[in-house]
Amino acid sequence: MRTTARETVFKILFSSQFNDDIKELKNSLYKIEKLNKNDTEYCDQILNTVASNREKLIKIIDERSKLFPQVRMFPADRSIILIALAEIMFIPDIPSAVSVNEAANIASKYSSEKSASFISGILSEVIKEQNNV
């Protein structure tokens with residue numbers, strides 16, 4: 001299970017919206033959460049994927065959430081969606097259903113239940129469109 005690793009990535013992405021220098025935070029969280037090598041590699045992969053595809057991911061969010069574009073979203077919700085989208089769009093060995101479920105769980109823990117439904121709706125729409133292509 002990568003739940004702890006996903007939550008760690010969430011904390012890093014959330015923090016990066018307020019502070020550009022996340023290297024020290026990242027290293028501290030990896031130690032605090034006692035992540036193993038596979039978990040830290042997963043975290044680095046997601047962080048790098050989000051960083052290198054940020055514009056594309058933001059566009060996907062904005063296209064599916066016209067009434068609530070990413071600039072108006074809670075920073076926590078935006079961070080959660082970015083993680084799940086990175087998995088769904090760029091990491092094929094993670095089942096999309098797992099990404100959606102984990103995103104909803106993180107939202108329930110760190111944001112709100114309404115956020116969990118909102119995030120699940122956006123992600124489900126992306127998956128549905130992917131499957132129709």
Just verifying a value: how many Å separate Asn101 CG and Ser120 OG, rounded to the nearest 0.5 Å? 8.0 Å

Within-4.5 Å side-chain heavy-atom neighbours: Gln130 and Met89: yes

Verdict with supporting geometry, Asn36 and Tyr30, side chain to side chain contact (heavy atoms under 4.5 Å, CB included): CA-CA 8 Å; Asn36 63 34; Tyr30 286 5; over 6 Å; no

Does the side chain of Ile81 reach to within under 4.5 Å of the side chain of Met73, using non-hydrogen atoms? yes

How about Ile91 and Asp93: do any of their side-chain heavy atoms sit closer than 4.5 Å? yes

Looking at side-chain heavy atoms only, is the closest gap between Leu82 and Arg54 below 4.5 Å? yes

Check whether any side-chain N or O of Ser115 sits under 3.5 Å from a backbone N or O of Ser111 as a donor-acceptor pair, and report yes or no. no

Tell me the closest heavy-atom pair linking Ala116 and Ala104, and the distance in Å. CB-O, 3.6 Å

Quick check on the hydrophobic clustering: are Phe18 and Phe74 connected, directly or via other members, by side-chain heavy-atom contacts under 4.5 Å? no

Please report the interatomic distance OG1(Thr8) to CZ(Arg2), rounded to the nearest 0.5 Å. 12.5 Å

Reported OG1-to-CG distance for the pair Thr4 and Asp39, which is rounded to 0.5 angstrom: 7.5 Å

Do Leu47 and Lys26 come close enough that some side-chain heavy atom pair is under 4.5 Å? yes

If you measure from the Lys or Arg side-chain nitrogens to the Asp or Glu carboxylate oxygens, is any gap between Glu33 and Lys11 under 4.0 Å? yes

Candidate pair Glu7 and Lys109, rule salt bridge (Lys or Arg N to Asp or Glu O under 4.0 Å), full reasoning: CA-CA 10 Å; Glu7 286 187 19; Lys109 184 173 181 179; 3.0 Å; yes

At what distance, to the nearest 0.5 angstrom, does CG of Leu85 lie from CD1 of Ile80? 12.0 Å

Return the CD1 to CD distance between Ile22 and Gln17, rounded to the nearest 0.5 Å. 11.0 Å

Can a donor-acceptor pair be found, under 3.5 Å and without considering hydrogens, that links the side chain of Asn48 to the backbone of Asp44? yes

Under 3.5 Å donor-acceptor, Ser65 side chain and Ile61 backbone: no

Would you call Leu25 and Leu29 a side-chain contact if the rule is heavy atoms closer than 4.5 Å? yes

Output yes when a side-chain donor or acceptor of Ser16 lies under 3.5 Å from a complementary backbone atom of Leu13, and no otherwise. yes

With rounding to the nearest 0.5 angstrom, report the OG to CD1 distance, Ser124 to Ile88. 8.0 Å

When you compare the side chain of Pro95 with that of Val98, does any pair of heavy atoms fall below 4.5 Å? yes

Evaluation steps, side chain to side chain contact (heavy atoms under 4.5 Å, CB included), between Glu102 and Phe10: CA-CA 11 Å; Glu102 289 286 319; Phe10 162 75; over 6 Å; no

For Tyr110 and Ala76, which heavy atoms make the closest approach, and how far apart are they? O-CB, 4.4 Å

Least distance between heavy atoms, Ile119 atom then Ala103 atom: CG2-CB, 3.9 Å

Show your reasoning for whether salt bridge (Lys or Arg N to Asp or Glu O under 4.0 Å) applies to Glu41 and Lys37. CA-CA 6 Å; Glu41 286 174 357; Lys37 185 178 183 227; 3.4 Å; yes

Compare all side-chain heavy atoms of Tyr42 with those of Leu35 and state whether any distance is below 4.5 angstrom. no

Would you find a donor on one side and an acceptor on the other, under 3.5 Å apart, between the side chain of Asn53 and the backbone of Thr49? yes

So does Asp20 have more than 12 non-hydrogen atoms from other groups sitting under 6.0 Å from CG? no

